[in-house]
Every structure is written in structure tokens, then in C-alpha cells.
Amino acid sequence: MHTVQISLNSIDKVKNFVNTIAKYDFDFDLVSGRYVIDAKSIMGIFSLDLSKPIDLNIHCEESELAPVLEVLKPYLIEQ
């Protein structure tokens, strides 16, 4: 599992994010405080506080990580 911080501060960003990760077979979880939701669930995402950065847990092999991080660049918060 790999964790990154993302920002989904607009409706368009949420829709594009869900469409982007839906292409992958592995699991993505969004963690906000004590809530953990499926990142492929647009309704679940809208139940979170989107004004703050959110942790994204990516459940994939290390070899599959680089292409995923590349497509997630518009949403990533540099740390």
C-alpha cells in the first residue's frame, strides 16, 4: 500500500478523479479523519470534507505504482 495526499476541491476535480482511477483494477481508499471510503465512489467522496487535503491509499504492487502516480499528478499535494 502507498499513501499520498490529494486535493479534490471542486466538483469537476472529483468527477475527473473518479473516472481516472476507475480504469484500474486495484483498490483505492480515501481517509479523512476516522472515515475511510472507497475512492471509486463519487457519493462517498462527496460525504467527506473536501476543503482539506485527503489521504489516498493505493493498494497495488510497487511495480504498478509509477503509472498511477503519473495520472494522479493533477490531484497530488506535494509534500
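Predicted model only: the values in this text are computed from it and were never measured. Position 1 is the first residue of the sequence, and the numbers go up from there.
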Report yes or no: do L50 and V31 belong to one cluster of Ile/Leu/Val/Met/Phe/Trp/Tyr joined by side chain heavy-atom distances under 4.5 Å? no
Start with the C-alpha distance between I77 and I6, add both sets of side-chain angles, then the distance that settles side-chain contact (heavy atoms from CB on, under 4.5 Å), and finish with yes or no. CA-CA 5 Å; I77 296 173; I6 61 168; 5.7 Å; no
To the nearest 0.5 Å, tell me how far E62 CD sits from H2 NE2. 7.5 Å
Side chain to side chain donor-acceptor pair (under 3.5 Å) pairs, two or more places apart, involving residues 10-24: none
Please determine whether side-chain contact (heavy atoms from CB on, under 4.5 Å) holds for the pair L56 and F17, giving the CA-CA distance in whole Å, both sets of side-chain angles, and the decisive distance to 0.1 Å. CA-CA 11 Å; L56 173 66; F17 172 77; 4.1 Å; yes
For the hydrophobic clusters of this structure (ILVMFWY residues joined by side-chain heavy atoms under 4.5 Å, transitively), does one cluster hold both V36 and I58? no
Non-hydrogen side-chain atoms of L8 and I45 separated by less than 4.5 Å: yes
Examine the side chains of T3 and N57 and answer whether a donor and an acceptor come within less than 3.5 Å of each other. yes
Rounded to the nearest 0.5 Å, how far does CD1 of I21 lie from CZ of F26? 10.0 Å
So side chain to side chain donor-acceptor pair (under 3.5 Å) across residues 34-47, not counting sequence neighbours, yields none
Within 6.0 Å of CD1 in I11, more than 12 heavy atoms from elsewhere: no
Assigning hydrophobic clusters by single linkage (Ile, Leu, Val, Met, Phe, Trp, Tyr; side-chain heavy-atom cutoff under 4.5 Å), is L69 placed with M1? no
Point-to-point distance, once rounded to the nearest 0.5 Å, from OG of S32 to CG of D29: 13.0 Å
What do the steps show when you test Y75 against V4 for side-chain contact (heavy atoms from CB on, under 4.5 Å), and what is the final call? CA-CA 10 Å; Y75 315 101; V4 294; over 6 Å; no
